[in-house]
Amino acid sequence: MKIGIDQIAFATSDKYLDLTELAHARDTDPNKFLIGIGQSEQAVITKTQNIVTLGASAAAQIINDSNRDMIDMILVATESGIDNSKSAAVYIQKLLKLNRYARTLELKQACYAGTAGLMFARDFVASHPEKQVLVIAADVARYGINTPGEVTQGGGAVAMLVKANPQVISFNDDNVYMSDDVMDFWRPIYRSEALVDGHFSANIYQDFFKELWDRYRSTTGHAINDFKAFAFHLPFTKMGLKGLREILPEATEDQQAALLAEFEASRVYNRRVGNLYTGSLYLSLISLLANGSVQAGDRIGLFSYGSGAEGEFYSATVEANFKHGLQTDFNALFAKRTQVSVAEYEEIFADKAPNDGQNVMFDLTNDPNRFVLAGIQDEKHVYKQQ
Ligand code: CAA
C-alpha cells in the first residue's frame with residue numbers, strides 16, 4: 001500500500017521585508033544576503049499571528065467537507081509553541097471545526113519535528129489504512145535585531161494530509177536517522193529569540209547530511225543517479241546548496257547540472273519567506289514540485305535537520321497527480337503581501353503579544369488575516385476567524 005502526502009498547503013504572514021533594504025540599514029553589501037545567504041525577502045510576523053493562526057491558515061486550504069471528519073489525528077510540529085502545556089493542535093482543531101474524535105498533539109525537536117510527524121502519520125495509516133492524519137509544521141523564526149541570524153528570520157506553516165494512495169508523493173520507507181547532543185542552536189524557555197552558534201550549526205548540518213547520505217547508500221544500495229532531485233531543510237537557501245555540494249562529485253557532469261537546476265526550483269519560495277524552521281523542508285518540497293521538472297515516478301531525496309541535533313534522510317516517489325495536491329496559489333499569496341520598511345519591521349518585531357499575564361485585546365481594524373490572535377484574557381489566548 002502506498003502511503004504519503006495527499007495534499008499540501010502553505011501560509012505565511014501578510015507582511016514582508018526586502019533584504020536589500022535590510023542590508024543597507026545594516027551597512028552590509030546586499031549580495032551577502034542575496035547570494036551569500038541566498039535570501040531575498042523575509043516574512044514579518046505581527047503579534048496577531050503565531051503558530052496557531054499560521055497553522056490554521058495553511059490547514060484551511062486542505063480541509064473540506066469530504067475530508068473534515070476523516071482526520072483521525074492532528075499533529076503540530078513546532079519549536080515556537082505558545083503554551084508549555086496545551087498543544088497548538090487543539091486550538092487548530094477548534095478553529096477549523098475538525099473531528100472531535102481525533103488525537104491532538106504537539107511535537108518538538110527543533111526544525112526536525114515535522115518529519116517525525118509525517119513518519120508517525122505514515123506508521124499510523126499503515127495499520128489503519130482508511131484513516132487520515134493532518135500534519136502541520138508551523139514556526140516563527142526570531143534571532144533579534146542586528147544579529148548575524150537576523151537575515152535568516154521568517155515564519156509560516158505547511159499543512160500536509162497523510163493518507164493511503166496519496167496524490168503528491170509516497171514515502172519509500174527507506175529512512176535513515178540519527179541524533180546527538182549538540183549545542184548548535186537552542187531557545188531556553190524564558191526567551192522568545194533563539195540562541196545560536198551560527199557557523200558551528202552550519203557545519204553540524206553538513207556533517208549530519210553527509211553521514212546520513214553515506215548510511216543511506218550503504219543500507220539501501222541506492223546511489224545518486226537514482227535521484228531526480230533533493231529537497232533540503234532550508235534555514236537559509238545557501239545552506240541547502242552547501243548540503244547538495246557535499247554529494248555532487250558522485251554525479252556525472254550532466255546530472256550535476258540537472259540537480260543544481262532542480263535545487264534552484266526548490267528554493268524559489270523559501271527565498272521569499274525565510275526560515276520557518278519545521279516547515280522549511282516542506283516549503284522547499286512544494287517549491288520543487290511546483291517549479292522544477294520532476295515528473296510522476298521520479299525518486300526525490302529529502303533531508304530534514306533539527307538543531308540540538310537530529311537528522312533524517314529519506315526518499316519519496318512523485319505521484320501521477322502531484323500538481324493537484326499542491327493547494328496554495330503562490331502568485332496570489334506573494335501579490336497580497338505588503339512590504340514594510342526596516343523601521344516598520346523593527347517596530348513590529350518589538351511589539352510582541354504580552355507574556356506577563358495582562359489582559360489585552362488587539363486592534364484588528366486593518367488586519368487582513370483570516371485567523372487571528374485577537375487578544376489575551378485571564379491568561380488565555382483568544383483566537384478568532386474573521
Ligand atoms: N557577496 C556574495 N557573498 C558574500 C558576500 C558578498 N558581498 N559577503 C559574504 N558573502 C558570503 C560568505 O562568503 C558566506 O558564504 P559561505 O558560507 O559559502 O562561505 C556567506 O555570505 C555568509 O557570510 P558569513 O559566514 O560571513 O555570515 P555571518 O557570519 O554573518 O553568518 C550565518 C551567517 C552563520 C548563517 C548566520 O546568518 C546565522 O547564524 N544564522 C542562523 C543559524 C542557521 O541558520 N544555521 C543553519 C544550520 S542550523 C539549522 O538548520 C536549524 C535552523 O533552522 C536554525
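Numbering of ligands and ligand atoms starts at 1, following listing order.
Residue His233 has at least one heavy-atom neighbour below 4.0 Å for each of these atoms of ligand 1: 49 (C), 50 (O), 51 (C), 52 (C), 53 (O). If you number the atoms of ligand 1 from 1 as listed, the ones under 4.0 Å from a heavy atom of Asp29 come out as 7 (N). Per-residue contacts place Ser307 under 4.0 angstrom from the following atoms of ligand 1 (heavy atoms of the residue considered): 48 (S), 49 (C), 51 (C). Ligand-side atoms of ligand 1 in range of Gly149: 37 (O), 38 (C), 40 (N), range being under 4.0 angstrom from any heavy atom. Counting the atoms of ligand 1 from 1 in the order shown, those under 4.0 Å from a heavy atom of Phe185 are 54 (C). For ligand 1, the atoms closer than 4.0 angstrom to any heavy atom of Lys238 are 15 (O), 16 (P), 18 (O). Short contacts between ligand 1 and Tyr205, defined as distances under 4.0 Å to a heavy atom of the residue, involve ligand atoms 50 (O). Numbered from 1 in the order shown, with element, the atoms of ligand 1 that lie under 4.0 Å from a heavy atom of Val196 read 42 (C).
Between the Ser266 side chain and the Phe263 main chain, a donor and an acceptor come within less than 3.5 Å of each other. Although no hydrogens or angles enter the test, the distance criterion places a donor-acceptor pair under 3.5 Å between the side chain of Glu150 and the main chain of Asn146.
Taking all atoms of both residues into account, the shortest heavy-atom contact from Gln206 to Glu246 is NE2-OE2, 2.9 Å. In terms of heavy atoms, Ile169 sits closest to Pro166 at O-CG, 3.4 Å.
Closest protein heavy atom to atom 22 (C) of ligand 1: Ile37 CD1, 3.9 Å. Protein heavy atom closest to atom 54 (C) of ligand 1, with residue, atom name and distance, is Tyr143 OH, 3.2 Å. Protein heavy atom in closest approach to atom 39 (O) of ligand 1: Gly198 CA, 3.3 Å. Remark: minimum distance from atom 40 (N) of ligand 1 to any protein heavy atom is reached at Thr152 OG1, 3.5 Å. Here the heavy atom of the protein found nearest to atom 25 (O) of ligand 1 is His199 NE2, 2.8 Å. In this structure, the protein non-hydrogen atom closest to atom 20 (C) of ligand 1 is Gly36 O, 3.4 Å.
In this structure, Arg215 fails the cation-pi test against Phe313, since its NZ or CZ atom is not both closer than 6.0 Å to the six-membered ring centre and inside 45 degrees of the ring normal. A cation-pi contact, defined as under 6.0 Å to the ring centre and within 45° of the axis, is absent between Lys384 and Phe371. Cation-pi geometry between Arg272 and Tyr16 is not met at under 6.0 angstrom from the ring centre and within 45 degrees of the axis.
The side chain of Cys111, and not its backbone, has at least one atom closer than 4.0 Å to an atom of ligand 1 (non-hydrogen atoms only; side chain from C-beta on). With a 4.0 Å heavy-atom cut-off, ligand 1 is reached by no atom of Ile204. Contacts of Asn31 with ligand 1, taken as heavy-atom pairs under 4.0 Å, involve both backbone and side chain.
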Exercise for review: For salt bridge (Lys or Arg N to Asp or Glu O under 4.0 Å), just list the numbers for Glu344 and Lys15, CA-CA rounded to whole Å, side-chain angles, deciding distance to a tenth of an Å, and then say yes or no.
Suggested key: CA-CA 10 Å; Glu344 286 166 326; Lys15 295 189 173 40; over 6 Å; no
Point to revise | Stepwise salt bridge (Lys or Arg N to Asp or Glu O under 4.0 Å) test for Asp29 and Lys32 | key: CA-CA 6 Å; Asp29 180 349; Lys32 173 174 174 183; over 6 Å; no
Review point. Are Glu106 and Lys86 close enough, and set up right, to give a salt bridge (Lys or Arg N to Asp or Glu O under 4.0 Å), and what steps lead you there?
Key: CA-CA 8 Å; Glu106 193 168 299; Lys86 183 167 171 165; over 6 Å; no
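Contact analysis puts Lys242 in contact with ligand 1, with a non-hydrogen atom separation below 4.0 angstrom.
If you look at Phe303 and Phe208, their ring centroids are not closer than 6.0 Å.
For atom 12 (C) of ligand 1, the nearest protein heavy atom lies 4.0 Å away or farther. For atom 32 (C) of ligand 1, the nearest protein heavy atom lies 4.0 Å away or farther.
Here's the thing with Asn275: one of its N/O atoms is less than 3.5 angstrom from an N/O atom of ligand 1. For a threshold of 3.5 Å applied to N or O pairs, the pair formed by Pro148 and ligand 1 contains at least one separation below that value.
Distances from atom 43 (C) of ligand 1 to the heavy atoms of Ser201, Ser304, Gly38, Gly306 put Ser201 nearest. In this structure, of Lys32, Glu150, Gln39, the residue bringing a heavy atom nearest to atom 5 (C) of ligand 1 is Lys32.
Taking the six-membered ring where tryptophan is involved, the planes of Tyr269 and Phe334 are tilted, since the angle between them lies from 30° to 60°. Using the six-membered ring where Trp is involved, Phe227 and Phe230 have ring planes that are parallel, under 30° apart on the 30 and 60° scheme.
Atom CD of Glu347 has 12 or fewer heavy atoms from other residues, nucleotides or ligands within 6.0 Å.
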